[in-house]
Structure formats: C-alpha cells, structure tokens
Amino acid sequence: ATGHDRPESAVTIAGIRTTIDQFKTAMREAGLTPPDVMLDDGQMHRFGKNKNGWYFLHADGVPWGEAGDWTVNGGDCVCHWCSKSDTAMTEAERQAMRERIKAMQRQREADLVQRQQQAAQDATKRWAAATPCTQHPYLTRKGIMPHGVRIEGDNILIPMRSTDGKLHSVQTIAPDGSKLFMPGGRIKACYFSIGRPDGSVIVAEGYATGASIHEATGSAVAIAFNAGNLLDVATALRSKYPDLRIVLAADDDWKTPGNPGMTKAEAAARAVDGYLAKPEFFGYDRADGATDFNDLHQLAGLAAVKAGIDNAIKTVAIDAGSASATGINDAWPEHQPLIAKTEAADYPLDALPTLIRGAVIEVCG
C-alpha cells in the first residue's frame, strides 16, 4: 500500500520495478554490484562489503539515480542514470533535477564527514593499541627497516596523517604484502613521513619505496600510498613549506598502459614546481614487475637508488622534445593532419560530473 489507504496499482508497481531494474543495469555497466533489495525513496543508502557502496534513487517525477563507492575516486559518483534525456525534459523537470542533485550532494558530503570522523577515532585507538615494529616478514623480503611503523596482530600498521599531524586513518600490510585501507578513512592529502625535511622532501607512492629512498639518501620522505594521491600530498606539502625542494619519486609502470606511475608523478611535480625522479634499470636484468625504487634497491643496491634521486629532473624543463627523458614517450608519434571533417553530434551531458552537468544544464536552459 502507498499509505493513502488504497492498494498500489499493478501499473505503478510494474513501473517501480522497471525503474529499479534499469538503475541496477546502469550500476552494473559502471562496474558496481547493486544490492538485491533497493529503495527508490530518494534517500542515500549504503550497500556492499563494509557498506562502502552508496546510491540514491528517485522514482517520483522523472526517475533518476546516482551511485558510487567510497573506495573509488574518493567516493565520487561513477553511475548516473536518468529515465529521460536532458533534451526530452521540460524546464520544470530540469529545475527539479537540479534541486535533487544539490540535495544529494549535501547528503553525501555530510555522510563523508561522518564516516571520516568515525574512521579517525577508530584509527587513533588502533594506533595506540599497536606495538612498535622491530621485524616483519614483509620488511625482510623488501630489505628495509621499520622507520616507526607498528604491529597489529600479524600486520604492519602505518599511520596516515595530514600536514597538521592529525591521524585520519591507517594502512595495514599483511605478511604476504597485501595492503588494506580503513573503510571510510580519509586518504586524500594524507601521508606517512620518514625523517624530517631539511630543505627538501621526496614524495613516493608506497611504504617500501619510501623506506628504500630514505635509507639511500637520508632525506625526508612522504609516502602518499598510491599514485592518485601524489598530487594532493605534494600540493599540501608545498602549501605548508613554500620554499621546500620537492622531488616526486615516480614508479615506472612500464608494462601498464599509460604508465600511471610516471604520468601522475610528473603532473604532481609540475603542479608544485618540483623535480621528477625515476628508477633507472639500464644494465640490469629487469623483470616485468620491477617498477619502483625498492625493486631497484633489491636488484642493484642503495647506490643505484641514490643515483636515481640525484638525477631528478626539474619539471619546468621537460617539454615535448625532451619527454623521453622521463620515460613517458620513447619516440615522436606519427604525423597527423591538422584539419579533419567530423559530423556534429549532441554532447553527452550524462557523461559530465554531477556538479558540472547541473551548471551546463542551467546555462543551456
């Protein structure tokens, strides 16, 4: 029943089921696994392991929904579905859509703050209860020292702090090397520091990589935990230390399309007017999985790691003609025509991020 003392009509029930089924299909196409039971009440609902997934689904007016995962892209929307195209909506429907998007954004932001606050409290308790690390199978295998990390059960525990020193979350590393972040914990602009800055700091992706660099150079290292966080960490450090020399120690993901380790590190270095360093494996029997400075450490020793850092390139000096020095481009591409004829097509507004899409729709209207 609808709450109006009458049974729901078969047509309405069928419509609701169709709306939910269509939204589930859109979620699957976006790489999300929808829950078995979904509500179309326009409220935010969590789902999945550790409740990391979220979705909104509105069935009234123009059926519309969005979904995402807090462990992907910082929780940003990865699935946007609407039963009508923008061009098929009336102005009143577009206005209602804009209001819903704004309300959804406010609810998501409030939920994110709540999740991060709870994760920070849990991380503080876990860090306080953990014991100092003196040895661990992962450290032995990587040939590095503990540098202030702790032990929780069988796992290494690494604190994740912002530039003000606040503990926001932790990363665990198991004996087999598998790594996990806390559900709901903040990652953006958080890092683990080894040593204190003395005129310079080196920003690296992983703990083992950062430990090898510090042991080879004695320099302060900020561990960003993944390539996607390099820019945020470097920017936060530049804001706190305006005169600091910042070096981005890239992972050379030479076997991965687009080489994300190199491209993300170069973008971060450019953003903070910093330097870019890469592990050089020339002359060594390099395995496909050898990508970072810890791999170079184990293959060629700490002297090779130090040489790679010492050879860091000032990013402002890197242009299209010298990009091969970064390992990003190995040769000039084939010449392409400057002019081409294309058929005009409507821009897919649904592909735009939520806030930008709302602004574009409003301007077009």
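Note that the coordinates shown come from a computational prediction; the quantities given were computed from them, not determined experimentally.
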Does a side-chain heavy-atom distance below 4.5 Å link [X] with [Y]?
{"X": "E215", "Y": "M145", "value": "yes"}
{"X": "C82", "Y": "V62", "value": "yes"}
{"X": "R186", "Y": "K166", "value": "no"}
{"X": "E205", "Y": "K264", "value": "no"}
{"X": "V305", "Y": "I213", "value": "yes"}
{"X": "M182", "Y": "M160", "value": "no"}
{"X": "V149", "Y": "F192", "value": "yes"}
{"X": "P34", "Y": "F23", "value": "no"}

- Distance-only donor-acceptor check, side chains E66 and T354, under 3.5 Å: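 T354 and E66 do have a side-chain donor-acceptor pair below 3.5 Å.
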- Message: Between D122 and Q118, is there a side-chain donor-acceptor contact under 3.5 Å, judged purely by atom types and distance?
- Response: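 Yes, because at least one side-chain N or O of Q118 sits under 3.5 Å from a partner of the opposite role on D122.
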- Note on the structure: Of all heavy-atom pairs linking H136 and C133, the shortest is CB-SG, 4.3 Å
- Quick one: closest heavy-atom pair of Y55 and P35, and the distance? CE2-CG, 4.1 Å
Just by distance, do the side chain of [X] and the backbone of [Y] share a donor-acceptor pair under 3.5 Å?
{"X": "Y207", "Y": "P146", "result": "yes"}
{"X": "D40", "Y": "H58", "result": "no"}
{"X": "N229", "Y": "I187", "result": "yes"}
{"X": "Y275", "Y": "I309", "result": "no"}

Can you tell me how far [atom2] of [Y] sits from [atom1] of [X], rounded to the nearest 0.5 angstrom?
{"X": "R238", "Y": "T163", "atom1": "CZ", "atom2": "OG1", "answer": "13.5 Å"}
{"X": "I151", "Y": "T172", "atom1": "CD1", "atom2": "OG1", "answer": "11.0 Å"}
{"X": "M262", "Y": "L248", "atom1": "CE", "atom2": "CG", "answer": "10.0 Å"}
{"X": "L296", "Y": "E280", "atom1": "CG", "atom2": "CD", "answer": "8.5 Å"}
{"X": "D111", "Y": "M44", "atom1": "CG", "atom2": "CE", "answer": "4.0 Å"}
{"X": "F56", "Y": "D41", "atom1": "CZ", "atom2": "CG", "answer": "10.0 Å"}

- Please step through side chain to side chain contact (heavy atoms under 4.5 Å, CB included) for the pair Q107 and W54, ending with a clear verdict. CA-CA 11 Å; Q107 190 172 346; W54 61 266; over 6 Å; no
If you draw a 6.0 Å radius around [atom1] in [X], do more than 12 non-hydrogen atoms from other residues or ligands fall strictly inside?
{"X": "D198", "atom1": "CG", "value": "no"}
{"X": "Q114", "atom1": "CD", "value": "no"}
{"X": "K306", "atom1": "NZ", "value": "no"}

Identify whether [X] and [Y] are in the same connected component of the hydrophobic contact network (ILVMFWY, side-chain heavy atoms under 4.5 Å).
{"X": "L355", "Y": "W81", "value": "no"}
{"X": "Y138", "Y": "I194", "value": "yes"}
{"X": "Y191", "Y": "L276", "value": "yes"}

- Ion pair present between R98 and E91, side-chain N to carboxylate O less than 4.0 angstrom?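 Salt bridge present between R98 and E91.
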- Task: Please list all pairs passing the side chain to side chain donor-acceptor pair (under 3.5 Å) test where one or both residues lie in residues 285-300, with sequence neighbours left out.
- Result: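 Found T209-D292, S212-N294, S212-H297, D252-R286, N294-Q298.
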- Describe, in one word, how the ring planes of H214 and H147 are oriented to each other, choosing from parallel (under 30°), tilted (30 to 60°) and perpendicular (over 60°).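 Correct class here is perpendicular.
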